[in-house]
Amino acid sequence: MGPHPAVAAIRLAVRRVLHDILNDRPTPTDHPPHERPPSPLVLVACSGGADSMALASALAFEAPKLGIRAGGVTVDHGLQPGSDLRAEEVVLRLRELGLDPVEATSVTVGREGGPEAAARDARYAALDAAAQRHGATAILLGHTRDDQAETVLLGLARGSGIRSLSGMAAVSGAGGRYRRPFLEIDRQTARRACMVQSLPVWDDPHNADPAYTRSRLRHEGLPALEKALGKGVVEALARTAQLSRDDADALDAWAGQAERSVRDAAGLLECAKLYALPPAVRRRILRRAAIEAGAPAGSLFARHIEEVDRLITGWRGQGVINLPGKVVAQRQGGRLVIRQG
């Protein structure tokens, strides 16, 4: 008899991603042909919650069959009393699954951008450092289809365009370091997989804390939407994320190609040529130019780009426009200049 359907589903998702990781690896040229290249190391980021414990169990099962070493890292955010003991407990659980190397790493969470964003920034910095320390090829993250639906709704509330509706990417980070095998698996399946494998699961109290926007969305917003619109809301939102991502990628590529044709011999942006482009393409070029001039991407909002766009589409002799990062945009003789102020 085969494994429980929930266990089979999580293993299949991880197996597919591990195959992708093996296929994406560059062919090694730094060792003699008769020597086998070293086995790649894949880490799982594990909080001890159901999603990441299910992911860790699937990685421990699938990796050895493909000649991949499997390890784990848990991040102690230090936001609750006893979080260090919790991290040690997660390390023990990961070792019991057969993962090696396994480590707990503690971080100091700042205040910038709100508590959720600050914790996320600290966590990814710690995971990047762990990957470099161990020479890991990839880090698996346990985000599920439900997490993706929440991310799309948060993006919708921000009102910052199609990219913010595209949710989390299956592959992201430097060199495709981060992989999310569970984006098409719902949270309930991951929890069931833990239950049938008798894996102990820890529920982070922050996930139920109404002080956190995502928590309110999870416990109040999505259930209200499902009540009003039916049970397929989560799946539909996740599908919206993928379609939006495909559209955004296509528009980004178009903007990348068009950018070369709207610059003059000196490399300045020509307003007449920008005007002729569709707004979605033109605004992407403007955003990219602002970032290249030193505007921090995270602080550059749609309203900033719309204001710069009006220098092209609604020119009435406006003065300098100030952007984040002390960047300024102004129109000078048919050219758009975006530079450090």
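- One finds no salt bridge joining R303 and D309 here, because no Lys/Arg side-chain nitrogen approaches an Asp/Glu carboxylate oxygen to under 4.0 Å.
- No chain of hydrophobic side-chain contacts below 4.5 Å, direct or via other Ile, Leu, Val, Met, Phe, Trp or Tyr residues, connects V44 to W202.
- Residue pairs meeting the ring-ring contact (aromatic ring centres under 6.0 Å, His included) criterion with at least one member in residues 168-201, sequence neighbours excluded: Y124-Y178.
- Taken to the nearest 0.5 Å, the CD1 atom of I185 stands 13.5 Å off from the CD atom of Q148.
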| request: Could you please spell out the steps behind the salt bridge (charged side-chain N to carboxylate O under 4.0 Å, His left out) verdict for E292 and R288? | output: CA-CA 6 Å; E292 279 171 13; R288 202 174 297 182; 5.7 Å; no
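- Annotation: the span from E184 atom CD to L12 atom CG amounts to 10.5 Å, rounded to 0.5 Å.
- Residue L165 comes nearest to V152 through the heavy atom pair O-CG2, 3.5 Å, listed as atom of the first residue, atom of the second, then distance.
- If you take CD on E88 and OG1 on T74, they are separated by 11.0 Å, rounding to the nearest 0.5 Å.
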Could you pull out all donor-acceptor pairs under 3.5 Å where a side-chain atom in residues 132-141 meets a protein atom, sequence neighbours excluded?
residue : atom : partner : partner atom : Å
R133    : NH2  : E103    : OE1          : 3.3
R133    : NH2  : E103    : OE2          : 2.3
H134    : NE2  : E103    : OE1          : 2.7

Got a list of side-chain donor-acceptor pairs under 3.5 Å for residues 93-102, not counting sequence neighbours?
residue : atom : partner : partner atom : Å
R93     : NH1  : P200    : O            : 3.4
R93     : NH2  : E89     : OE2          : 2.8
R95     : NH2  : V102    : O            : 3.4

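- Contact between A289 and L269 at its shortest, heavy atoms only, is CB-CD1, 4.1 Å.
- Using a 4.5 Å cut-off on side-chain heavy atoms (C-beta onward), T313 and R282 make contact.
- Annotation: salt bridge (charged side-chain N to carboxylate O under 4.0 Å, His left out) contacts involving residues 312-321, sequence neighbours excluded, are absent.
- Side-chain heavy atoms closer than 4.5 Å link hydrophobic residues (I, L, V, M, F, W, Y) into clusters, and following such links, possibly through other members, connects Y275 to L286.
- With values rounded to the nearest 0.5 angstrom, L154 atom CG is found 5.5 Å from R214 atom CZ.
- Contact check on R310 versus E306 returns no salt bridge, with no Lys/Arg side-chain nitrogen under 4.0 Å from an Asp/Glu carboxylate oxygen.
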| message | Assess the residue pair D252 and R163 against the criterion (side chain to side chain contact (heavy atoms under 4.5 Å, CB included)); give the C-alpha distance rounded to whole Å, side-chain angles, the decisive distance to 0.1 Å, and a yes or no. | response | CA-CA 10 Å; D252 284 349; R163 181 57 78 187; 2.5 Å; yes
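- Applying the salt bridge (Lys or Arg N to Asp or Glu O under 4.0 Å) test to R191 and every residue at least two apart in sequence or in another chain returns D203.
- Side chain of H304 to main chain of F301: a donor-acceptor pair is present (N/O by atom type, distance under 3.5 Å, no hydrogens or angles).
- Screening residues 67-85 for salt bridge (charged side-chain N to carboxylate O under 4.0 Å, His left out), with sequence neighbours left out, gives no hits.
- Minimum interatomic distance between I312 and C271 (heavy atoms only, all atoms of both residues): CG2-O, 3.6 Å.
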With a cut-off of 3.5 Å and sequence neighbours excluded, list every side-chain donor-acceptor pair involving residues 223-244.
residue : atom : partner : partner atom : Å
T240    : OG1  : A236    : O            : 2.9
Q242    : NE2  : D246    : OD1          : 3.0
S244    : OG   : T240    : O            : 2.8

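- Annotation for S166 and R245: closest pair O-NH2, 2.9 Å, computed over non-hydrogen atoms.
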| said: L43 vs L127, test: side chain to side chain contact (heavy atoms under 4.5 Å, CB included). Steps then yes/no. | reply: CA-CA 9 Å; L43 299 174; L127 292 174; over 6 Å; no
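- Partners of R123 under the side-chain hydrogen bond (donor to acceptor under 3.5 Å, both in side chains) rule, at least two apart in sequence or in another chain, are H77.
- Considering only heavy atoms from C-beta on, D147 comes within 4.5 Å of T144 through its side chain.
- In this structure, the side chains of R145 and R187 stay at 4.5 Å or more apart for every pair of heavy atoms.
- When the side chains of ILVMFWY residues are joined at heavy-atom separations under 4.5 Å, either directly or via intervening members, L41 and V17 end up in two distinct hydrophobic clusters.
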Which donor-acceptor pairs under 3.5 Å do side chains of residues 320-337 form with protein atoms, sequence neighbours excluded?
residue : atom : partner : partner atom : Å
Q330    : OE1  : R339    : NH2          : 2.7
R331    : NH1  : L311    : O            : 2.7
R335    : NE   : D264    : OD2          : 2.6

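- The list of ring-ring contact (aromatic ring centres under 6.0 Å, His included) pairs with a residue in residues 315-341, not counting sequence neighbours, is empty.
- Nearest heavy atom pair, residue A258 against residue V281, reads CB-CG1, 4.1 Å.
- Listed here is the closest heavy atom pair of A290 and L300: CB-CD2, 3.8 Å.
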| request: Would you check, one step at a time, whether the test side-chain hydrogen bond (donor to acceptor under 3.5 Å, both in side chains) holds for S172 with R180? | output: CA-CA 9 Å; S172 64; R180 296 178 174 87; 2.9 Å; yes
Pairs under 3.5 angstrom only: tabulate donor-acceptor contacts from the side chains of residues 48-68 to other protein residues two or more places apart or in another chain.
residue : atom : partner : partner atom : Å
S52     : OG   : S47     : N            : 3.0
S52     : OG   : S47     : OG           : 3.3
S57     : OG   : A54     : O            : 2.7
S57     : OG   : Q197    : NE2          : 3.2
E62     : OE1  : R15     : NE           : 3.1
E62     : OE2  : R15     : NE           : 3.4
E62     : OE2  : R15     : NH2          : 3.2

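- Tracing side-chain contacts under 4.5 Å through hydrophobic residues (I, L, V, M, F, W, Y), one never reaches V171 starting from V42; they form parts of separate clusters.
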| field | Intermediate values then yes/no, side chain to side chain contact (heavy atoms under 4.5 Å, CB included), D20 and R179 | value | CA-CA 10 Å; D20 289 344; R179 311 282 175 137; 4.1 Å; yes
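- Separating the CD atom in E150 from the OG1 atom in T213 is a distance of 11.5 Å, to the nearest 0.5 Å.
- D186 is linked by a side-chain hydrogen bond (donor to acceptor under 3.5 Å, both in side chains) to T189, counting only residues two or more places apart in sequence or in another chain.
- L199 and M195 end up in different hydrophobic clusters when Ile, Leu, Val, Met, Phe, Trp and Tyr side chains are linked at under 4.5 Å.
- Side-chain contact between L18 and V14: present, with at least one pair of heavy atoms (C-beta onward) separated by less than 4.5 Å.
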